[in-house]
Amino acid sequence: MFSRLRPASALLARASAASNGLGVGARRTLVTGVPQGSAVWKLGRLNHVAIAVPDMAQASAFWRDVMRADRVSESVALPEHGVHTVFVDLGNTKIELLHPLGDKSPISGFLAKNKSGGIHHVCIDVPDIAAALDWLRNKGIRALAEEPKIGAHGLPVVFLHPKDCGGVLVELEEHRA
């Protein structure tokens, strides 16, 4: 059970690296590849983190009763996406609980590989989804669909291929100012 604990020497080496600016606590410099004001589109805020769950009632109860979230929605079926959704509103962002709806649900495959569930995707707001898609496609980033669909919030969404996004399934959701 404790075989994964690091020996004290490893912790000391890590602390030493941190004090030399090489590890934990090191200052980081923001580097951008796009000059200010030249971007056609820009990433917005984190809209939600989606978690695939094998039992929606149990997951909803966990966030409401154990984690004490004030606002946990009712389950809503989204047949066009093959999922049931529940949103846990945290004030500064949301958690979306996903459960399969029907045999062709994309969440079924995820849960087959991850029996206990887990983080499925992150969703980030963009002001113009068409401009974002055009820019990303020109950079070699693939979308999972040719055109955006209407998502759980009634707004256009598109998913980006995880192989092009560092292993993360990214959803973009349009939020115009």
Side-chain angles (χ1 to χ4, degrees), residues 1 4 40-177:
M1 176 170 160
R4 291 190 210 160
V40 177
W41 68 281
K42 177 181 163 181
L43 280 179
R45 72 178 185 91
L46 175 66
N47 185 290
H48 65 266
V49 174
I51 303 172
V53 300
D55 184 323
M56 184 65 90
Q58 183 180 20
S60 295
F62 170 77
W63 288 99
R64 183 186 58 246
D65 303 336
V66 177
M67 298 303 288
R68 302 184 66 203
D70 289 334
R71 295 174 289 192
V72 178
S73 76
E74 296 296 319
S75 181
V76 174
L78 298 174
E80 63 278 10
H81 294 280
V83 297
H84 291 276
T85 64
V86 165
F87 279 95
V88 180
D89 190 336
L90 303 176
N92 61 343
T93 193
K94 296 178 284 296
I95 295 171
E96 179 184 32
L97 305 177
L98 298 170
H99 185 74
L101 173 64
D103 296 336
K104 295 181 182 179
S105 172
I107 302 305
S108 295
F110 183 90
L111 289 173
K113 296 175 194 168
N114 305 278
K115 301 287 185 210
S116 299
I119 294 177
H120 184 262
H121 68 268
V122 297
C123 178
I124 302 172
D125 293 345
V126 295
D128 184 339
I129 203 163
L133 261 178
D134 186 50
W135 173 273
L136 291 164
R137 285 180 173 142
N138 284 328
K139 297 292 181 187
I141 307 299
R142 294 171 287 171
L144 296 184
E146 284 299 313
E147 296 295 325
K149 296 180 181 180
I150 299 302
H153 298 116
L155 298 167
V157 300
V158 67
F159 286 89
L160 305 178
H161 201 295
K163 289 184 179 178
D164 299 336
C165 300
V168 177
L169 180 59
V170 176
E171 178 184 21
L172 300 178
E173 183 171 288
E174 185 171 270
H175 281 265
R176 293 191 179 261

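Listed by first and then second residue, the salt bridge (charged side-chain N to carboxylate O under 4.0 Å, His left out) pairs involving residues 153-162 amount to none (not counting sequence neighbours). Residue pairs that meet the ring pair (Phe, Tyr, Trp, His ring centres under 6.0 Å) test with at least one member in residues 51-81, sequence neighbours left out, do not exist here. Applying the salt bridge (charged side-chain N to carboxylate O under 4.0 Å, His left out) test to every pair with at least one member in residues 146-167, sequence neighbours left out, gives these pairs: Arg142-Asp164. Note on residues 75-96: pairs passing salt bridge (charged side-chain N to carboxylate O under 4.0 Å, His left out), not counting sequence neighbours, are Arg71-Asp89. For the salt bridge (charged side-chain N to carboxylate O under 4.0 Å, His left out) condition, no pair includes a residue of residues 100-112, sequence neighbours left out.
The two atoms that bring Trp41 and Ala131 nearest to each other are CD1-O, 3.7 Å, heavy atoms only. The two atoms that bring Arg137 and Ala145 nearest to each other are NH2-O, 3.2 Å, heavy atoms only. Between Ala59 and Val53, the shortest heavy-atom contact is CB-CG1, 3.6 Å. Pro156 approaches Ile150 most closely through the heavy-atom pair N-CD1, 4.0 Å. Heavy-atom minimum distance, Ile107 versus Ala52: CG2-CB, 3.8 Å. Smallest separation of non-hydrogen atoms from Ser105 and Pro100: OG-CA, 3.4 Å.
Between the side chain of Thr93 and the main chain of Asn47, a donor-acceptor pair closer than 3.5 Å is present.
The CG atom of Leu172 sits 4.5 Å away from the CG atom of Leu160 when rounded to the nearest 0.5 Å. Summarising the geometry, atom OG belonging to Ser116 is positioned 11.5 Å from atom CG belonging to Asp55; distances are rounded to the nearest 0.5 Å. To the nearest 0.5 Å, atom CZ of residue Phe110 and atom CD1 of residue Ile51 are 9.5 Å apart. One distance of note links CG of Leu111 with CG of Leu98; it measures 9.0 Å at 0.5 Å rounding. A distance of 9.0 Å separates CD1 of Ile95 from CD1 of Ile119, quoted to the nearest 0.5 Å.
Residues meeting the side-chain hydrogen bond (donor to acceptor under 3.5 Å, both in side chains) test with Arg45, sequence neighbours left out: Asp125. Residues satisfying the ring-ring contact (aromatic ring centres under 6.0 Å, His included) criterion with Phe87, sequence neighbours excluded, are His48, His153. Judged as a side-chain contact (heavy atoms from CB on, under 4.5 Å), and not counting sequence neighbours, the contacts of Leu144 are Phe159, His161, Leu169. A search for side-chain contact (heavy atoms from CB on, under 4.5 Å) contacts involving Ser75 returns Met56, His84, Val86, not counting sequence neighbours. Partners of Ala61 by side-chain contact (heavy atoms from CB on, under 4.5 Å), not counting sequence neighbours, listed by chain and number: Arg64, Asp65. For Glu174, the salt bridge (Lys or Arg N to Asp or Glu O under 4.0 Å) partners two or more places apart in sequence, or in a different chain, are Arg176. In this structure, the side-chain contact (heavy atoms from CB on, under 4.5 Å) partners of Asp134, at least two apart in sequence or on a different chain, are Asn138.
Side chains of Leu97 and Thr85 form no contact here, defined as non-hydrogen atoms less than 4.5 Å apart. When side chains are defined from C-beta on, His175 counts as touching Leu155, because their heavy atoms get closer than 4.5 Å. At a threshold of 4.5 Å between non-hydrogen side-chain atoms, the residues Val126 and Ile129 count as touching. Considering only heavy atoms from C-beta on, Pro79 comes within 4.5 Å of Leu101 through its side chain. Side-chain contact check for Cys123 versus Leu46: every heavy-atom pair is 4.5 Å or farther apart.
Between the side chains of Asn114 and His120, no donor-acceptor pair of N or O atoms lies under 3.5 Å.
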